[in-house]
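We use all heavy atoms of the structure for the numbers below, so side chains are in, but hydrogens, waters and symmetry mates are not. Not measured: the values here are computed from a predicted model. For reference, positions follow the sequence shown, starting with 1. First listed ligand is number 1; within each ligand, the first listed atom is number 1.
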Amino acid sequence: MRYGYFDDKRREYVITRPDTPLPWINYLGSEDFFGLISNTAGGYCFYKDARLRRLTRYRYNNAPLDDGGRRLYLRDDGAALEHGNLLFWSPTWQPARRALDHYECRHGLGYSTFSSRLSGIESRLRCFIPQGEQLEIWQLEIKNLRQRPARLSLFAAVEFCLWDALDDATNFQRNYSVGEVEVVDNVIYHKSEYRERRDHFAYLACSAEVAGFDTVRESFLGPYRGWDSPASVIDGSLSNSIATGWQPIGAHHVRLELNPGESAETIFLLGYFENPIDEKFDPPGSQTINKRIVRSIIARYSQPAEAEAAFRRLRHYWDETLDVLQVETPDSHTDRMVNIWNAYQVMTTFNLSRSASYFESGIGRGIGFRDSNQDLLGFVQFDPPRARQRILDLAATQLENGGAYHQYQPLTKRGNNEIGSGFNDDPLWLVLSTAAYLKETGDWTILEEKVPFNNEDELAAPVLEHLQRSIAYTLDRMGPNQLPLIGRADWNDCLNLNCFSEIPGESFQTTENREGGTAESLFIAGLFILASQEMVAIYNKLDLVQEAESCRLAAEAMEKAIWQAGWDGEWFRRAFDSFGNPIGSADCEEGRIFIEPQGICVMAGLGLENGRARQALDSVAEHLATPHGIMLLQPAYSRYYLHLGEISSYPPGYKENAGIFCHTNPWIMIAEARIGRGNRAYDYYLRINPSMRETLSDLHKCEPYVYAQMIAGRDAPSYGEAKNSWLTGTAAWNYVAITQWILGIRPSWDGLEVAPVIPSDWVGFSLTRRFRGVRYEIRVERHGPGNQVQLEVDGEQVPGTLVRLPPSGTARVQVLARIN
Ligand code: BGC
Ligand code: NOJ
């Protein structure tokens, strides 16, 4: 069953009923200010950091679901007066949840719209964040479709968060006493802690003359009442309450009188502003917020024409961004994901890493080191300067020994001490992201850029040295089989082989690990080879012949070790535990085969010549593939294994314990493409393609326009149900798999590679790609069943699969690829 449909022309997903299986959300903002917005306008917003600068409250795991956010109410004052009928509703359905005659939510790129109708009153709401600004605009149009005049009350309300979302949800003895507000000129200013060390405040402004306001939550709601039926909405008037302490809110009341057919537009602005520290107060010496600058911003966006212009700029930004790569294939699911939604999700994961979604609370995880480096692989072509900055920020949290902080806080850009380091795969991902940046841009200056270690300026060294230390970090930590030591964990955060945790609630990621020199990771071994290949290419480009050679030799030795200890007979093993026993081996009782090493080792080119790549991938097809995607391992762990850690803490079929952990699926797609099996690669691609799964929405439950981190595996009772949508490495990796390996258009050191491995029944496809300032118009035609490519560049036959960089000044290159 579906709950909506794709409107590809407008690049929107249209939700046609409000009670989706889970809240289906969208993101507003793409720079410093962000909002999460659900299909009923639930969610919250924050400046830069969802933990440290949270503007509005949101209660996770609440019932009813998704009860908090942008709360709007309409009240039919006329009906109440004339007939004593009380009629009020929320034009976005929540929080009042009154049945509407019509409801529609459209999630677009950086905006969401909501239209609804009840009792002849139509409303249209559009929410977005203008480029370069720190505010949400809510443009609300109310139209009277009745034959008679309508007298209405409109209420808009938000519940402020006291800035630090963790403290806000825990430290009540203090924070019930800090709330402060000011109300001036139809604007409610939330200024808790402004008197002391904060120079920032939030506001809820209203473009119309207000009939009243409230800033004390209980005044607005009435004691022991919820947001579904606030007492003051029922009464039709607010009490102009001024909060000190407790729960400051912002609520405005606007009265509307509309003749038949008449409509009125009201604009609400929910914003954040920072004053210069020495000009906080006006007049100086007072405790009143200096509003001189913010007032002009509020005045500007309160005008419909300015809001409209800002919206057009936003549309333009997204059109330009997506124009980097557009494709036309024989399959509409592929087209809409590549051209619109997968690209959009890649941008979102780049912006937020794993910090804030409906499954990430914004207080748990900041910017992940391995996460963001992988996100960059899918992102780099959309905005190379931001990619460059991100690489430098990440590198600055690398430690002197080459290791890395596992996460950093977006606001401070400092490594997160609580999580620490010791995830031995982390540093290698920096090599991959930097190589992707170099191939995309040709900007070799990044390697000379001096970046601190451990955020300490005195320890600054060129990025090239950061990469070298990443490689050395692995080589300095080798185990008994000459394979890399796993440390706390590798890509699989839940394979905690040195943890041995017996204390309930202890974090598997941060708890003290046993001293071990034994537990080794085949995954890191494969990743090391992949990273070394990039390093060798970089060294060669820099004419560092010796460095190139020693890196090549290290990778060669690693490969040898993999064949010696890591090949299980029919697939690659996963790891060696701290007793030296193999994990992911036919000899194991559970967890006999894992997906990760099959993916990474074949991606690194292992077994392409000796047939083992094919064999490993056949084993994946036999043991791990399901119609809902490829499971992480089989058989699932049926109980907790002290020596394996978190992986065995989940019920079978969930998360890392044999769930369909979508992040890993594209590795298999790429691996299949590497061995030339286009049908298989594409089949796997479609199995987890969200648009393909739209008809399964009742089962899948998450949004049909973005990837989710996991889909419950065959062992779970809820087999096929998705979880943890939006912020997942799945976005970037699927984008890479489909565009670079299946469609086969990939940036390389000296040009654009064109090497499609597409399904045999495709006649071809066409694709445009902006690459290093040139627009490539690529047509691929299938003439035979295989993957042999014959290139014609601007009408000239060219050997191989590389379209070399054209002479400078070239604006457009036409490529025809015939495949046989
Ligand atoms: C999750 C992993 C995640 C880890 C670190 C675990 O509970 O299962 O997917 O990587 O936490 O945040
Ligand atoms: C999610 C984490 O964000 C990511 O870093 C990790 O690789 C996967 N889970 C697998 O555990």
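Taking a cut-off of under 4.0 Å to the non-hydrogen atoms of Gln709, the atoms of ligand 1 that pass are 9 (O). Proximity to Arg365 (heavy-atom distance under 4.0 Å) selects the following atoms of ligand 2: 2 (C), 3 (O). Listed by atom number, the atoms of ligand 1 under 4.0 Å from Lys655 heavy atoms are 1 (C), 2 (C), 8 (O), 9 (O). Those atoms of ligand 1 that come under 4.0 Å of a heavy atom in Gln509, given as number and element, are 4 (C), 5 (C), 11 (O). Each of the following atoms of ligand 2 lies closer than 4.0 Å to a heavy atom of Asp371: 2 (C), 3 (O), 4 (C), 5 (O). The contact set between ligand 2 and Glu656, taken as ligand atoms under 4.0 Å from a residue heavy atom, comprises 9 (N), 10 (C), 11 (O). Under a 4.0 Å criterion applied to the non-hydrogen atoms of Tyr650, ligand 1 contributes the atoms 1 (C), 6 (C), 7 (O), 8 (O).
Looking at Tyr58 and Tyr358, their side chains come closer than 4.5 Å, going by heavy atoms from C-beta outward. Side-chain contact between Glu418 and Thr510 is absent, with no heavy atoms from C-beta onward closer than 4.5 Å. Leu22 has its side chain within reach of Cys702: a pair of non-hydrogen atoms, C-beta onward, lies under 4.5 Å apart. With contacts defined as side-chain heavy-atom distances shorter than 4.5 Å, the pair Met669/Asn734 qualifies.
Here Arg370 has side-chain heavy atoms under 4.0 Å from ligand 2, and that is the only part of it that gets that close.
Shortest contact from atom 7 (O) of ligand 2 to any protein heavy atom: Trp491 O, 2.5 Å. Atom 9 (O) of ligand 1 has as its closest protein heavy atom Glu656 OE2, 2.7 Å. Atom 7 (O) of ligand 1 has as its closest protein heavy atom Glu646 OE2, 2.4 Å. Nearest to atom 3 (C) of ligand 1 among the protein's heavy atoms is Asp493 OD2, 3.7 Å. At the top of the distance list for atom 12 (O) of ligand 1, counting protein heavy atoms only, stands Arg365 NH1, 3.1 Å.
Taking only non-hydrogen atoms, the option from Glu596, Gln407, Gln709 nearest to atom 1 (C) of ligand 2 is Gln709.
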Do Tyr719 and His628 pass the ring pair (Phe, Tyr, Trp, His ring centres under 6.0 Å) test, and can you show the C-alpha distance, the side-chain angles, and the key distance before you say yes or no?
CA-CA 8 Å; Tyr719 177 37; His628 293 291; 4.8 Å; yes
Apply ring pair (Phe, Tyr, Trp, His ring centres under 6.0 Å) to the pair Phe33 and Tyr47, showing each step before the final yes or no.
CA-CA 5 Å; Phe33 190 71; Tyr47 173 71; 7.1 Å; no
Evaluate Glu534 against Lys439 for salt bridge (Lys or Arg N to Asp or Glu O under 4.0 Å), listing each step before the verdict.
CA-CA 10 Å; Glu534 305 288 29; Lys439 289 186 222 175; 3.1 Å; yes
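Checked against the 6.0 Å centroid criterion, the rings of Trp491 and Phe423 do not qualify as a close aromatic pair. The aromatic ring centres of His466 and Phe453 sit less than 6.0 Å apart.
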